[in-house]
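Contents: one structure, followed by commentary.
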Amino acid sequence: MSGQDASPRKADVDGILPPSPVPTRRTRTLSTSERAKQSVTVHGVCTSFDRHKGHGFIRPEGEQSSLFVHISDIETPYVLLAGDRVSFKKCPVPPKMEQVQAVHVRICEEDISREPREKWQS
(Lines give C-alpha, C1' and ligand atoms only; values in the text may rest on other atoms or scores of the structure.)
Protein backbone atom coordinates (compact mmCIF):
# COMPACT_ATOMS: atom_id res chain seq x y z
CA MET A 1 0.00 0.00 0.00
CA SER A 2 2.85 2.36 -0.73
CA GLY A 3 3.74 2.88 2.93
CA GLN A 4 0.48 4.61 3.89
CA ASP A 5 -1.71 3.40 6.73
CA ALA A 6 -4.83 1.57 5.65
CA SER A 7 -7.78 3.80 6.40
CA PRO A 8 -11.52 3.12 6.46
CA ARG A 9 -13.38 3.71 3.23
CA LYS A 10 -13.88 7.41 2.51
CA ALA A 11 -17.38 8.83 2.33
CA ASP A 12 -18.35 10.64 -0.83
CA VAL A 13 -19.16 14.37 -0.81
CA ASP A 14 -22.62 13.82 0.73
CA GLY A 15 -21.17 11.80 3.60
CA ILE A 16 -22.55 8.51 2.26
CA LEU A 17 -20.33 5.51 1.69
CA PRO A 18 -20.52 3.92 -1.77
CA PRO A 19 -21.74 0.31 -1.73
CA SER A 20 -19.07 -2.32 -1.13
CA PRO A 21 -18.27 -4.52 -4.11
CA VAL A 22 -17.99 -7.55 -1.79
CA PRO A 23 -21.27 -9.44 -1.37
CA THR A 24 -21.86 -10.02 2.34
CA ARG A 25 -24.46 -12.19 3.99
CA ARG A 26 -26.79 -9.18 4.15
CA THR A 27 -26.41 -8.25 0.48
CA ARG A 28 -26.23 -11.75 -1.04
CA THR A 29 -29.19 -12.72 -3.20
CA LEU A 30 -31.44 -15.57 -2.14
CA SER A 31 -30.37 -17.73 -5.10
CA THR A 32 -26.67 -17.25 -4.30
CA SER A 33 -27.34 -18.03 -0.64
CA GLU A 34 -29.15 -21.23 -1.61
CA ARG A 35 -26.26 -22.28 -3.86
CA ALA A 36 -23.85 -21.74 -0.98
CA LYS A 37 -26.02 -23.67 1.47
CA GLN A 38 -26.17 -26.67 -0.88
CA SER A 39 -22.43 -26.76 -1.56
CA VAL A 40 -20.09 -29.28 0.05
CA THR A 41 -18.48 -28.42 3.40
CA VAL A 42 -14.74 -27.85 2.99
CA HIS A 43 -11.99 -27.70 5.61
CA GLY A 44 -9.06 -25.31 5.69
CA VAL A 45 -6.87 -23.00 7.76
CA CYS A 46 -7.32 -19.29 8.46
CA THR A 47 -4.21 -17.60 7.08
CA SER A 48 -5.13 -14.12 8.33
CA PHE A 49 -8.05 -12.18 9.78
CA ASP A 50 -8.29 -8.50 10.68
CA ARG A 51 -11.18 -7.83 13.04
CA HIS A 52 -11.00 -4.06 12.44
CA LYS A 53 -11.16 -4.39 8.65
CA GLY A 54 -13.83 -7.08 8.93
CA HIS A 55 -12.29 -9.66 6.65
CA GLY A 56 -9.56 -12.23 6.24
CA PHE A 57 -8.43 -15.22 4.22
CA ILE A 58 -8.78 -18.98 4.47
CA ARG A 59 -6.66 -21.54 2.61
CA PRO A 60 -8.65 -24.70 1.78
CA GLU A 61 -6.89 -28.03 2.43
CA GLY A 62 -4.92 -29.17 -0.59
CA GLU A 63 -5.06 -25.78 -2.36
CA GLN A 64 -2.43 -23.07 -2.75
CA SER A 65 -4.65 -20.01 -3.08
CA SER A 66 -6.66 -18.46 -0.24
CA LEU A 67 -10.33 -17.51 -0.22
CA PHE A 68 -11.77 -14.25 1.06
CA VAL A 69 -13.97 -14.42 4.18
CA HIS A 70 -16.15 -11.53 5.39
CA ILE A 71 -16.93 -10.97 9.07
CA SER A 72 -20.67 -11.52 8.43
CA ASP A 73 -20.00 -15.09 7.24
CA ILE A 74 -18.41 -16.32 10.49
CA GLU A 75 -20.90 -18.39 12.48
CA THR A 76 -19.05 -18.73 15.77
CA PRO A 77 -18.99 -16.30 18.70
CA TYR A 78 -15.18 -16.17 18.50
CA VAL A 79 -12.87 -14.04 16.37
CA LEU A 80 -10.82 -16.03 13.85
CA LEU A 81 -7.10 -16.31 14.52
CA ALA A 82 -4.37 -17.13 12.00
CA GLY A 83 -3.82 -20.86 12.19
CA ASP A 84 -7.39 -21.77 13.18
CA ARG A 85 -8.72 -24.87 11.46
CA VAL A 86 -12.15 -24.09 10.03
CA SER A 87 -14.98 -25.67 8.09
CA PHE A 88 -16.82 -23.61 5.49
CA LYS A 89 -18.73 -23.65 2.24
CA LYS A 90 -17.74 -21.99 -1.00
CA CYS A 91 -19.99 -19.33 -2.50
CA PRO A 92 -19.63 -17.84 -6.00
CA VAL A 93 -18.93 -14.11 -6.13
CA PRO A 94 -21.19 -12.12 -8.49
CA PRO A 95 -21.43 -10.78 -11.09
CA LYS A 96 -19.40 -13.25 -13.17
CA MET A 97 -19.46 -16.09 -10.60
CA GLU A 98 -15.86 -16.99 -11.58
CA GLN A 99 -14.36 -16.60 -8.10
CA VAL A 100 -15.53 -17.98 -4.76
CA GLN A 101 -15.44 -16.79 -1.17
CA ALA A 102 -15.76 -18.69 2.12
CA VAL A 103 -19.19 -18.59 3.81
CA HIS A 104 -20.82 -20.41 6.76
CA VAL A 105 -17.40 -20.43 8.47
CA ARG A 106 -17.04 -22.36 11.75
CA ILE A 107 -13.94 -22.82 13.88
CA CYS A 108 -13.16 -26.50 14.54
CA GLU A 109 -13.89 -27.51 18.15
CA GLU A 110 -10.31 -28.30 19.13
CA ASP A 111 -9.13 -24.82 18.04
CA ILE A 112 -11.75 -22.98 20.11
CA SER A 113 -9.82 -23.83 23.28
CA ARG A 114 -6.71 -21.98 22.00
CA GLU A 115 -5.75 -19.09 24.22
CA PRO A 116 -6.21 -16.19 24.15
CA ARG A 117 -9.59 -16.45 22.44
CA GLU A 118 -11.53 -13.22 21.87
CA LYS A 119 -15.30 -13.09 21.49
CA TRP A 120 -17.09 -10.72 19.11
CA GLN A 121 -18.83 -8.86 21.94
CA SER A 122 -15.58 -7.91 23.70
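Just so it is clear, the values below take in all heavy atoms, side chains as well, and ignore hydrogens, waters and symmetry mates.
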Hey, are the side chains of [X] and [Y] touching, using non-hydrogen atoms and a 4.5 Å cut-off?
X	Y	result
Asp84	Tyr78	no
Ile71	Phe49	yes
Val45	Val86	no
Arg85	His43	no

Q) According to a 4.5 Å side-chain heavy-atom criterion applied to Ile, Leu, Val, Met, Phe, Trp and Tyr, with indirect links allowed, do Val100 and Val69 form part of one hydrophobic cluster? A)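 Yes, same cluster.
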(Q) Could you see if Val105 belongs to whatever hydrophobic cluster contains Val42? Use Ile, Leu, Val, Met, Phe, Trp, Tyr and a side-chain cutoff under 4.5 Å. (A)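 As far as the 4.5 Å side-chain criterion goes, Val42 and Val105 are connected within one cluster.
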**Q.** Any donor-acceptor pair under 3.5 Å from Asp50 side chain to His52 backbone
**A.**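 Answer holds: yes.
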**Q.** Sequence-distant partners of Lys90, salt bridge (Lys or Arg N to Asp or Glu O under 4.0 Å), two or more places apart
**A.**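 Result, salt bridge (Lys or Arg N to Asp or Glu O under 4.0 Å) vs Lys90: Glu63.
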Q) What distance do Arg106 atom CZ and Lys89 atom NZ have between them, rounded to the nearest 0.5 Å? A)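 Those atoms lie 11.0 Å apart.
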Q) For the atom pair CD (Gln38) and SG (Cys91), what is the distance rounded to the nearest 0.5 Å? A)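 It is 11.5 Å, given to the nearest 0.5 Å.
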Kindly list each side-chain donor-acceptor pair under 3.5 angstrom involving residues 54-61, sequence neighbours excluded, with atom names and distances?
none

Q: Mind listing the closest non-hydrogen atom pair of Ala102 and Phe88 along with its distance?
A: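 Looks like CB-CD1, 3.7 Å.
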Q) Shortest non-hydrogen contact from Ser87 to Cys108? A)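 Taking every non-hydrogen atom into account, N-SG, 4.4 Å.
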Q. Would Gln101 and His70 count as having a side-chain donor-acceptor pair, cut-off 3.5 Å?
A.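 The criterion, which ignores hydrogens and geometry beyond distance, is not satisfied for His70 and Gln101.
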